[in-house]
Chemist: 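Have a look at this one.
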2 protein chains.
Amino acid sequence: MPVSALVSAFVPAGSRMDCACCDLDERAFCAGLAQTSSALRAIRHDMRMEAQATVFREGDATDHIFTLVSGAVKLSKLMIDGRRQIVGFLFPGDFFGFGHNGLYGYTAETLSPVTLCRFSLLSLDTVVAGSRELERRLLNRMIAELSFAQEQMLLLGRMSAREKVAHFLLMLSRRATQRGDVPSPLSVPMSRLDIADYLGLTIETVSRTLTGLKKERLITINGNTQVDLLDMQALEQIAAGGCLC
Amino acid sequence: MPVSALVSAFVPAGSRMDCACCDLDERAFCAGLAQTSSALRAIRHDMRMEAQATVFREGDATDHIFTLVSGAVKLSKLMIDGRRQIVGFLFPGDFFGFGHNGLYGYTAETLSPVTLCRFSLLSLDTVVAGSRELERRLLNRMIAELSFAQEQMLLLGRMSAREKVAHFLLMLSRRATQRGDVPSPLSVPMSRLDIADYLGLTIETVSRTLTGLKKERLITINGNTQVDLLDMQALEQIAAGGCLC
DNA sequence: CGCAACCTTGAGCGTAATCAACAAGCGTGG
DNA sequence: CCACGCTTGTTGATTACGCTCAAGGTTGCG
């Protein structure tokens, strides 16, 4: 029996019609639910956006949540004088758009052309009303997100530039692996400015630090959007000191 | 009809027997549910701990979640060389103890004598099985927590020492107000070291910055555990630049 | 090919860290 | 009761890491 037959045993024929654009499978928070929850199907909508587009802005009313199907997205917070902090980079399978007090807490912008799966959301209650399984998954994802955010606090508050950059590269590599990509010819879809604003550094420091790692033969850099991790162990040594990493 | 009669209409007589130690009312995530959910009652347990005690350690298996009933708690992450980041201060009504992959992501220690309400938790599913309302509340709290964590990333990554300290004092004041305390003779139950590890600074810088604010007559300091905010507006001016604050 | 955006490299500076000494609060015991 | 030591906080001097300002390279697109 071919593998495809096994898969189709779990995904009833015709179910792909509703989520045709989506090849996330079990990476999606709604995996296996779009078929069973008509409420979820009713409120979803496919979107495509070009690179450098704004999905929504910090302070906008939260009317939708999103799952990233392909491409990459950044989430950022801005200070009135222009200082910026990127609070997350998103890759296929990640979702975003939960806000507090009915307002988005960050701006979401695309780093590349993306496809999104959008769910209209009058209130959080509405979207989860149809499925208790969905709510449970959302809660688990939020716990993971919060865990990740706390890691990032340690990085921002207590790590040196060198440690931050090494940690960043390894984080990208780990997440690439999780989505089924190779760990080492690493795709870096964000600019130096984005990296700087994510790590709490300046572009110059990011550039200098990457050059430093290159000179130590721990990485090579190809055209600003690709990095080879030549010595993962050494990088982990630098990034370590991290709590039970 | 007195207000107390209205309240008792919603809180059946005898229900306080099970949560006698708890005067959190609607601040607790389980407010109104401990009466209706026998599952929740069955797994809860009251605890008292002295100051400077460890509730659990980063990396321990997650076997319980906690609601803080009285006192104050700090959550921290440690690096192998001793660098530390405090990822949260908790006050009555806050809950904590959610971990990722079955492990606590931070150490929880008491800042003062505390009373806790502990819920045993073989898995997250177990605790929420009895009440969909409970799950919904937990999700909403997690969203708020994540929002707060992202604020903190902006602080750690992009604010000056002065801005960090002003922001910290105002945050304490705002949370005191939320729990019904006065905003200004501010109780500061944590040490300078704890403040430093929360803001990504050193104790010396925290001390110098507080002295600076004192000299500008924006605050006064009484015995290291109490601060008067003399000019909230000026402090907000300093802390501002924050996203839509 | 030419231009603009992005990245790298260099020089000098500034904020917060480090190192060090001192002061204040507090509990203990002589 | 005060002397003592210990912990915690403050203040000062110096250092260093990363920021700022500036110039020079790359890259990629029209």
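We name chains A, B, ... by the order of the sequence lines, and we start the count at 1 in each one. These values consider heavy atoms only, across backbone and side chains, with no hydrogens, waters or symmetry-generated copies. Keep in mind it's a predicted model, so treat the numbers as computed, not measured.
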Chemist: Do B:R208 side-chain and C:dT18 base share a donor-acceptor contact under 3.5 Å?
Modeler: yes
Chemist: Among the nucleotides D:dG18, D:dT11, D:dT20, which one has an atom lying closest to any side-chain atom of B:E204?
Modeler: D:dT11
Chemist: For B:R57, is the CZ atom crowded, meaning more than 12 foreign heavy atoms sit under 6.0 Å from it?
Modeler: no
Chemist: Under 3.5 Å, is there a donor-acceptor pair linking the side chains of A:T115 and A:S70?
Modeler: yes
Chemist: Between B:Y104 and B:F56, what is the ring plane arrangement, given parallel below 30°, perpendicular above 60°, and tilted in between?
Modeler: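 B:Y104 vs B:F56 ring planes: parallel.
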Chemist: Would you kindly compare A:S191 and A:R158 by the position of their nearest DNA chain C nucleotide and give the one closer to the 5′ end?
Modeler: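 Result: A:S191.
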Chemist: Any side-chain N or O of A:T211 below 4.0 angstrom from OP1/OP2 of C:dT9?
Modeler: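 Checking A:T211 against C:dT9: at least one side-chain N or O falls below 4.0 Å of OP1 or OP2.
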Chemist: For B:R179, is the CZ atom crowded, meaning more than 12 foreign heavy atoms sit under 6.0 Å from it?
Modeler: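 Yes, enclosed.
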Chemist: Could you check which of C:dT8, D:dG18, C:dA16 has an atom nearest any side-chain atom of B:S160?
Modeler: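 Shortest atom-to-atom distance from the side chain points to C:dA16.
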Chemist: Could you check if a side-chain atom of A:K164 sits within less than 4.5 angstrom of a side-chain atom of A:L201, using non-hydrogen atoms only?
Modeler: yes
Chemist: For the residue pair A:F89 and A:Y198, does the interplanar ring angle fall in the parallel (under 30°), tilted (30 to 60°) or perpendicular (over 60°) class?
Modeler: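 Judged by the thresholds at 30° and 60°, the geometry between A:F89 and A:Y198 is tilted.
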Chemist: Which nucleotide wins on minimum distance to the side chain of A:T205, given the candidates D:dG18, D:dG12, C:dT9?
Modeler: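 Among the listed nucleotides, the one closest to the side chain of A:T205 is D:dG18.
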Chemist: Bend angle of the helix from C:dC1-D:dG30 to C:dG30-D:dC1 from five-pair axes at both ends, rounded to 10°?
Modeler: 30°
